[in-house]
Amino acid sequence: LTANRIIVADGLTDTGQAGSATVFNESGSTADFRIESTGNDNMFVVDGGLNRVGIGTYSQAPRILLDIQGSVMPATGDAASVEDMLTLYRNGSASVWSGGATLALGRYSTGNGSAPKSRLDFKLKNAAGSNTALPETTVMTLQSNGNVGIGTALPVSKLHVSGNITIDSSSNAPYLDFVENGDTGDSKARIAMDQISGTSGQMLFYTEGSGTLTERMRIASDGQTFF
């Protein structure tokens, strides 16, 4: 005990009593709680003054309620890459493999100055593996330029889907609208499916003319086309 501090060189063990609690900063002051690792002074931090928690924040105080920081972003000359930041996991058993989900953060492109070009990947565990195998399949990617990829980690448009798309609705008449920018209620064109019966359907194509969305073409269930 020195200068109002307890210094322990080889760890501290407290078995406690059943129903007991170990409390730090019970008075509610601005005192912080901090755990260091071999390479990070702020491996785990509770900021008593700002009511924030930080994980891996190095010399920086937590900036939000929960602040998780990884390694330094890839430089403009480095290959684009991501780092796993947060994983949710359920262990397997003798009869079923483990499952998990991971958020990975990084950079989707290199070069072109120092723009962050941030990328967030959603990964799920799909392959068979032990409880130590982390999620490996990227199912969706978000880029800071607004592009979203499903089934691809390299989306080239606002929505890039690699694979098939299924559309349904409770009315059995789903449609895809093309609308005016800034006025999502103003459809300029539409592609629709109309289910005629449980075994047949037809496709309808609309465009707007003089302010009215009008059917221009129809492909019937027997293949006939009407204009």
Side-chain angles (χ1 to χ4, degrees), residues 1-16 20-92 97-127 129-145 149 153-154:
L1 177 66
T2 177
N4 296 323
R5 294 186 178 185
I6 298 177
I7 300 175
V8 180
D10 295 320
L12 180 65
T13 300
D14 179 13
T15 56
S20 66
T22 300
V23 180
F24 173 81
N25 192 23
E26 187 172 26
S27 65
S29 70
T30 59
D32 298 339
F33 177 80
R34 180 167 59 89
I35 298 176
E36 296 187 16
S37 67
T38 55
N40 195 324
D41 291 343
N42 287 352
M43 196 64 233
F44 182 84
V45 178
V46 177
D47 191 315
L50 297 175
N51 299 318
R52 297 171 180 171
V53 175
I55 299 176
T57 57
Y58 295 92
S59 59
Q60 189 177 47
R63 298 160 296 181
I64 56 176
L65 188 61
L66 176 60
D67 190 352
I68 302 175
Q69 295 188 28
S71 59
V72 177
M73 282 279 276
T76 56
D78 295 338
S81 63
V82 295
E83 178 182 5
D84 291 352
M85 300 291 295
L86 177 66
T87 294
L88 306 176
Y89 210 85
R90 297 188 67 179
N91 285 339
W97 292 109
S98 57
T102 292
L103 290 180
L105 178 64
R107 187 178 171 92
Y108 68 84
S109 180
T110 58
N112 300 324
S114 58
K117 297 188 176 181
S118 300
R119 163 183 164 186
L120 180 65
D121 286 0
F122 293 80
K123 301 165 69 175
L124 294 175
K125 189 172 183 295
N126 186 56
S130 66
N131 290 336
T132 61
L134 292 174
E136 80 296 332
T137 302
T138 299
V139 296
M140 184 166 70
T141 295
L142 308 181
Q143 294 182 348
S144 57
N145 60 5
L154 300 171

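Only this structure's heavy atoms are used, side chains among them; waters, hydrogens and symmetry mates stay out.
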Trainee: Output the distance between atom NZ (K125) and atom CH2 (W97), rounded to the nearest 0.5 Å.
Mentor: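 So the NZ of K125 and the CH2 of W97 are separated by 7.0 Å.
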Trainee: Just verifying a value: how many Å separate N145 CG and S109 OG, rounded to the nearest 0.5 Å?
Mentor: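 These two atoms lie 9.0 Å from each other.
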Trainee: To the nearest 0.5 Å, tell me how far L120 CG sits from M85 CE.
Mentor: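 Reported to 0.5 Å precision, the distance equals 10.0 Å.
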Trainee: Kindly determine whether K123 and D84 satisfy side chain to side chain contact (heavy atoms under 4.5 Å, CB included), including the steps that lead there.
Mentor: CA-CA 9 Å; K123 301 165 69 175; D84 291 352; 3.0 Å; yes
Trainee: At what distance, to the nearest 0.5 angstrom, does OG1 of T57 lie from CG of D67?
Mentor: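 Reported to 0.5 Å precision, the distance equals 6.5 Å.
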Trainee: Side chains of T102 and T87: donor-acceptor distance under 3.5 Å anywhere?
Mentor: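 There is such a pair between these side chains.
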Trainee: If every non-hydrogen atom of L124 is compared with every non-hydrogen atom of A101, which pair is closest and at what distance?
Mentor: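 Closest approach of L124 to A101, heavy atoms only: CD2-CB, 3.6 Å.
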Trainee: Kindly write out the residues that satisfy side chain to side chain donor-acceptor pair (under 3.5 Å) with R34, not counting sequence neighbours, or none if the list is empty.
Mentor: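 Per chain and number, R34 pairs via side chain to side chain donor-acceptor pair (under 3.5 Å) with E36.
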Trainee: Which heavy atom of R119 sits nearest to which heavy atom of A153, and what is that distance?
Mentor: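 The pair with the smallest heavy-atom distance is NH2-CB, 3.5 Å.
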Trainee: Measure the spacing between CD1 of I35 and CG of N40 and express it to the nearest 0.5 Å.
Mentor: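 One finds 11.5 Å between CD1 of I35 and CG of N40.
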Trainee: What residues form a side-chain contact (heavy atoms from CB on, under 4.5 Å) with D32, not counting sequence neighbours?
Mentor: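 So D32 forms a side-chain contact (heavy atoms from CB on, under 4.5 Å) with D47.
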Trainee: Please identify each residue that fulfils side-chain contact (heavy atoms from CB on, under 4.5 Å) with S27, with sequence neighbours left out.
Mentor: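 Per chain and number, S27 pairs via side-chain contact (heavy atoms from CB on, under 4.5 Å) with N25, S29.
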Trainee: Could I get the full list of side chain to side chain donor-acceptor pair (under 3.5 Å) partners for T22, not counting sequence neighbours?
Mentor: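 Expected list: none.
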Trainee: Contact between P135 and Y89 at the side-chain level, heavy atoms closer than 4.5 Å - yes or no?
Mentor: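 Counting from C-beta outward, P135 and Y89 do come under 4.5 Å.
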Trainee: Is it true that a side-chain atom of R90 and a backbone atom of G99 form a donor plus acceptor pair closer than 3.5 Å?
Mentor: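 Side chain of R90 to backbone of G99, a donor-acceptor pair under 3.5 Å: no, none is there.
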Trainee: Do the non-hydrogen side-chain atoms of D41 and Y58 ever get within less than 4.5 Å of each other?
Mentor: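 Of all side-chain heavy-atom pairs linking Y58 with D41, none is under 4.5 Å.
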Trainee: List the residues meeting side chain to side chain donor-acceptor pair (under 3.5 Å) with E136, not counting sequence neighbours, and say none if there are none.
Mentor: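 Scan of E136 (side chain to side chain donor-acceptor pair (under 3.5 Å), adjacent residues dropped) gives none.
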Trainee: Can you check whether G92's main-chain N or O pairs, donor with acceptor, with N131's side chain at less than 3.5 Å?
Mentor: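 Pair found, side chain donor or acceptor close to backbone of G92.
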Trainee: Rounded to the nearest 0.5 Å, how far apart are OG of S144 and OH of Y108?
Mentor: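 The OH atom of Y108 is 4.5 Å from OG of S144, to the nearest 0.5 Å.
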Trainee: Would you say R107's side chain and K117's backbone share a donor-acceptor pair under 3.5 angstrom?
Mentor: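 No.
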Trainee: Would you kindly say whether S71 and E83 are connected by a side-chain donor-acceptor distance under 3.5 Å?
Mentor: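 Distance-only check passes for S71 and E83.
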Trainee: Who are the side-chain contact (heavy atoms from CB on, under 4.5 Å) partners of S81, not counting sequence neighbours?
Mentor: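 By the side-chain contact (heavy atoms from CB on, under 4.5 Å) rule, S81 matches P74.
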Trainee: Below 4.5 Å, heavy atoms only, C-beta onward: do P62 and V45 meet side chain to side chain?
Mentor: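 Yes - at least one pair of side-chain heavy atoms lies under 4.5 Å apart.
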Trainee: Do T141 and D121 get their side chains close enough for a donor-acceptor pair, meaning under 3.5 Å?
Mentor: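 Yes, a side-chain donor-acceptor pair sits under 3.5 Å.
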